[in-house]
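Comments concern the structure below.
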Amino acid sequence: MLTMLERRRFPRTKVFKGAKIILANRPTVNCIVRNLGNHGACLHLPSTADLPAEFDLSFDTGLTLRKCRVAWQTITNVGVSFEDPAAR
């Protein structure tokens with residue numbers, strides 16, 4: 001059995017939760033959060049082709065937003081780190 005080496009500094013919890021990617025001047029994009037931690041998440045969506053390097057993520061239809069920065073991406077998945085709200 002092949003196991004992946006965990007390289008994250010902070011652990012994440014596996015989840016299956018709907019969320020929305022909020023893009024400036026563009027329609028929102030529905031996604032599924034596959035894992036989640038205090039510092040980032042893995043998102044699954046139909047395509048990451050037009051995704052910008054930074055965007056907002058909402059778990060509650062826009063009431064609260066998490067500023068995200070893309071760390072890596074594949075055709076349908078994207079790993080993001082959350083911006084520290086204190087750094088704004």
Side-chain angles (χ1 to χ4, degrees):
M1 183 173 145
L2 182 65
T3 59
M4 287 187 66
L5 176 64
E6 179 62 56
R7 296 185 297 171
R8 291 185 193 100
R9 291 183 295 166
F10 305 102
R12 293 196 186 161
T13 302
K14 288 184 180 184
V15 295
F16 191 82
K17 180 177 187 163
K20 292 188 182 296
I21 295 173
I22 312 295
L23 303 169
N25 302 318
R26 293 180 15 200
T28 61
V29 177
N30 293 322
C31 66
I32 301 293
V33 181
R34 302 304 302 267
N35 66 44
L36 180 64
N38 290 333
H39 300 277
C42 176
L43 312 175
H44 177 79
L45 52 152
S47 172
T48 63
D50 294 326
L51 205 59
E54 294 182 347
F55 55 84
D56 291 324
L57 183 68
S58 175
F59 296 102
D60 52 13
T61 60
L63 296 177
T64 58
L65 301 176
R66 295 293 307 257
K67 181 68 106 179
C68 297
R69 181 181 308 262
V70 173
W72 59 266
Q73 72 186 66
T74 66
I75 295 170
T76 58
N77 293 307
V78 61
V80 298
S81 60
F82 296 139
E83 182 181 292
D84 182 3
R88 289 186 193 175

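Throughout, residue positions are numbered sequentially from 1 according to the sequence presented. All heavy atoms count here, side chains included; hydrogens, waters and symmetry mates do not.
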Inset, instruction - Compare every heavy atom of A41 with every heavy atom of F82, then report the nearest pair and how far apart it is. - result: CZ-CB, 3.9 Å
Inset, instruction - Kindly give the heavy-atom pair with the smallest separation between N38 and R66, and that separation in Å. - result: O-NH2, 3.5 Å
Inset, instruction - Find out whether I32 and F16 are in side-chain contact, i.e. whether some heavy atom of one side chain is under 4.5 Å from a heavy atom of the other. - result: yes
Legend entry - Cluster check V15, L43: I/L/V/M/F/W/Y, side chain < 4.5 angstrom: yes
Legend entry - Set of side-chain contact (heavy atoms from CB on, under 4.5 Å) partners for V29, sequence neighbours left out: I21, L23, L45
Inset, instruction - Supply the atom-to-atom distance T13 OG1 to N35 CG, rounded to the nearest 0.5 angstrom. - result: 8.5 Å
Inset, instruction - Start with the C-alpha gap between L57 and C31, add the side-chain angles, then the distance that decides, and say whether side-chain contact (heavy atoms from CB on, under 4.5 Å) holds. - result: CA-CA 10 Å; L57 183 68; C31 66; 4.0 Å; yes
Inset, instruction - Verify, without hydrogens or angle tests, whether T48 (side chain) and L51 (backbone) share a donor-acceptor contact under 3.5 angstrom. - result: no
Inset, instruction - Determine which pairs satisfy salt bridge (Lys or Arg N to Asp or Glu O under 4.0 Å) with at least one residue from residues 30-54, sequence neighbours left out, and list them in order. - result: E54-R69
Inset, instruction - Sort and list the pairs that fulfil side chain to side chain donor-acceptor pair (under 3.5 Å) and have at least one residue in residues 21-33, not counting sequence neighbours. - result: K20-N30
Legend entry - Minimum-distance pair of heavy atoms, taken over all atoms of P46 and T76: O-CG2, 3.4 Å
Legend entry - Shortest non-hydrogen separation from V33 to F59 and the atoms involved: CG2-CE2, 3.5 Å
